[in-house]
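Each ligand, and each atom within it, is numbered from 1 in the order the structure gives.
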Amino acid sequence: MNIPHRPRRNRKSAAIRNLVQENSVTVNDLIYPLFLIDGKNKKSEVASMPGILRRSPDLLLKEIESCLKLGITTFDIFPGLSEKLKDKKATESLNKKGLYLSTLRDIKKYFPEAVIMTDVAMDPYSSDGHDGYVKNDEILNDETLEILAKMALAQAEAGADIIGPSDMMDGRVGYIREALDDNGFTNVSIMSYTAKYASAFYGPFRDALDSAPKFGDKKTYQMNPANSKEALLEADLDFNEGADFLMVKPALSYLDVIKLLNDNFNIPIAAYNVSGEYAMVKAAAAKGWIDGGRVRDEILLSMKRAGASVILTYFAKEFALSIK
Ligand code: PBG
């Protein structure tokens, strides 16, 4: 046969395959989301996320220490609060002595080398379970911005390195950027949840934090899964408002959006490999229907290949352990 290009030549041994490999995942790329709850020496597994625990502050610090040893440097911390601390205006998010802000300070105190990312949205603190301020069953945009900016400032004061607005209100990146800068936090970064879709893949996360909306859904602020041009619009706005990273969320069903943003913007793109994506792999692996570890690695690689340079993933620790 006269076949000038035989692509199989570059696949003929492991060494050659490694030589020509275009993309790879390393622990440097990963951010590990962690769930924080009140108490001492307390942990509970999230039923729909096998292997993922909610931890009290003392155990969270231990977990961070063990992850740092594995080379994971960056942690996105989410608080689960009791219902009695929630109100319409997410007041608890500003409580310096409260669970979240005091734990952030402790992480920075004990592990100054750790990078802390925080979530800015009202849902864990809101009696309505929405990301914004609710009036007459409507999620108000501009009234929410002020609450978000105060929340972001409180987190920056507690030591956050990267602020992650996950609320999808219009104008929030610029509003938060200005509040940070006006208060001397010019070095605090913003990783904007830029293209955050109204997705069924967040189910297990809302179980973890008991943060599901009390009425309706999030479709008036999170994006329609059918749209990608709209992701470009959101990215344009966030970029111009001063975002340091643009995030796409969920990741696996939105690899095209990751590529679109990466092709059009010269700042790092992050992919959030969300709770439902983790749960599906774990459930099928537990049944013996797939090889969980190999599927995990293939999924993470697909996000890198699509153009994400950062991946937020519940697989971070097991990935780090798997390459040791
Ligand atoms: C809060 C927030 C959510 C997630 C991250 N931040 C849930 C939501 O918007 O309802 C989801 C993360 C996941 O599913 O892993 N605004």
Heavy-atom distances under 4.0 Å decide this one: backbone, side chain, both or neither, for Asp131 against ligand 1?
side chain
Sub-4.5 Å side-chain heavy-atom contact between Ser66 and Lys317:
yes
Would the distance check show the side chain of Ser126 and the main-chain N or O of Ala90 forming a donor-acceptor pair, the cut-off being under 3.5 Å?
no
Of the protein's non-hydrogen atoms, which lies at the shortest distance from atom 8 (C) of ligand 1, and what is that distance?
Lys218 NZ, 3.3 Å
Which atoms from ligand 1 have a heavy atom of Arg206 less than 4.0 Å away?
8 (C), 10 (O)
Check whether Lys196 reaches the backbone of Gln222 with its side chain - one donor and one acceptor, N or O, closer than 3.5 Å.
no
Holding to side chain to side chain donor-acceptor pair (under 3.5 Å), I want the full list of residues that pass it with Asp128, two or more places apart in sequence or in another chain.
Lys88
Parallel, tilted or perpendicular for Tyr125 and Tyr100, by the 30°/60° rule?
perpendicular
Give the residue and atom name of whichever protein heavy atom lies nearest to atom 16 (N) of ligand 1, and the separation in Å to one decimal.
Ser166 OG, 2.9 Å
Considering non-hydrogen atoms of the protein only, which is the closest contact for atom 14 (O) of ligand 1, and what is the distance?
Ser275 OG, 2.7 Å
So which protein heavy atom does atom 4 (C) of ligand 1 come closest to, and at what separation?
Lys249 NZ, 2.5 Å
Where ligand 1 meets Tyr272 - atom numbers and elements under 4.0 angstrom, heavy-atom basis
12 (C), 15 (O)
Does Tyr278 approach ligand 1 within less than 4.0 angstrom via side chain, backbone, both or neither, non-hydrogen atoms only?
neither
List ligand 1 atoms under 4.0 Å from Ala121, heavy atoms only on the residue side.
16 (N)
Is there a donor-acceptor pair closer than 3.5 Å between any side-chain N or O of Glu45 and the backbone N or O of Ala47?
no
About how many Å separate CD1 of Ile162 and CG of Asp119, when rounded to the nearest 0.5 Å?
12.5 Å
Looking only at protein heavy atoms, which one is nearest to atom 15 (O) of ligand 1, and how far off is it?
Tyr314 OH, 2.6 Å
Hey, does Gln222 sit under 4.0 Å from ligand 1 if you only count heavy atoms?
yes
So which protein heavy atom does atom 9 (O) of ligand 1 come closest to, and at what separation?
Lys196 NZ, 2.6 Å
Classify the ring geometry between Tyr314 and Tyr272 as parallel (under 30°), tilted (30 to 60°) or perpendicular (over 60°).
tilted
Among all protein heavy atoms, pick the one closest to atom 1 (C) of ligand 1 and tell me residue, atom and distance.
Asp123 OD2, 2.9 Å
Sort and list the pairs that fulfil side chain to side chain donor-acceptor pair (under 3.5 Å) and have at least one residue in residues 150-165, not counting sequence neighbours.
Lys108-Asp161, Thr118-Gln155
Part of Asp167 with heavy atoms under 4.0 Å of ligand 1, whether side chain, backbone, both or neither:
neither
